[in-house]
Amino acid sequence: QVQLVESGGGLVQAGGSLTLSCAASGNIFSIYGIVWYRQAPGKQRELVASITSDGRSNYVDSVKGRFNISRDNAKNKVYLQMNSLKPEDTGLYYCKWSLRIGVGFVDYWGQGTQVTVSS
């Protein structure tokens, strides 16, 4: 089993910054990809950023140039650096680790960390 724990959320004013962390523990085998999602109350979960096994990253258009995803492989951690935050960034942020099994994969989710951006 794999367990994920997110941290680093909080309340910030618009224009501020936060860095979220996601620490993984357990049976970490081959990584297919790592993704940050967010979800506001009553809204569908949205993919925010992803990073591949070779370090290539992708972002939803609304956060490009403001957010950065990175990994610390030695510590089994992934980070989401969030700058120039907007009220629209408010939500519960989750990390998901997709690990390879044969030609497929299995997903593991954290419990989430709340980010609230005030206007």
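In this text the structure is predicted, and so the values were computed from the model without any measurement.
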Of all the heavy-atom pairs spanning [X] and [Y], show the shortest one and how long it is.
X	Y	value
Ser119	Ala14	CA-CB, 4.5 Å
Ala49	Leu80	CB-CD1, 4.0 Å
Ser50	Ile69	O-CG2, 3.6 Å
Leu47	Val60	O-CB, 3.4 Å
Gly91	Gln114	O-NE2, 3.5 Å
Arg66	Ser84	NH1-O, 3.0 Å

Check whether any side-chain heavy atom of Asn83 sits under 4.5 Å from a side-chain heavy atom of Ser17, and report yes or no. yes
Please tabulate, one pair per line, all N/O donor-acceptor pairs under 3.5 Å involving side-chain atoms of residues 22-36, not counting sequence neighbours.
none

Can you tell me how far apart OG (Ser21) and CG (Leu4) are? Round to the nearest 0.5 Å. 12.5 Å
Supply the atom-to-atom distance Lys77 NZ to Leu20 CG, rounded to the nearest 0.5 angstrom. 13.0 Å
Same hydrophobic cluster for Val12 and Phe67, using side-chain heavy-atom links shorter than 4.5 Å among ILVMFWY? yes
Indicate, with yes or no, if Tyr59 and Ile51 share a hydrophobic cluster defined by side-chain heavy-atom contacts under 4.5 Å among Ile, Leu, Val, Met, Phe, Trp and Tyr. yes
Expected list for residues 93-106: side-chain donor-acceptor pairs under 3.5 angstrom, two or more places apart:
from	atom 1	to	atom 2	distance (Å)
Tyr93	OH	Arg38	NH1	2.9
Tyr93	OH	Asp89	O	2.5
Lys96	NZ	Tyr37	OH	3.2
Ser98	OG	Asp107	OD1	2.5

Treating Glu6 as the side-chain partner and Gln111 as the backbone partner, does any N or O pair qualify as donor plus acceptor under 3.5 Å? yes
Counting only heavy atoms not in Gln3 (residues, nucleotides, ligands), do more than 12 fall under 6.0 Å from its CD? no
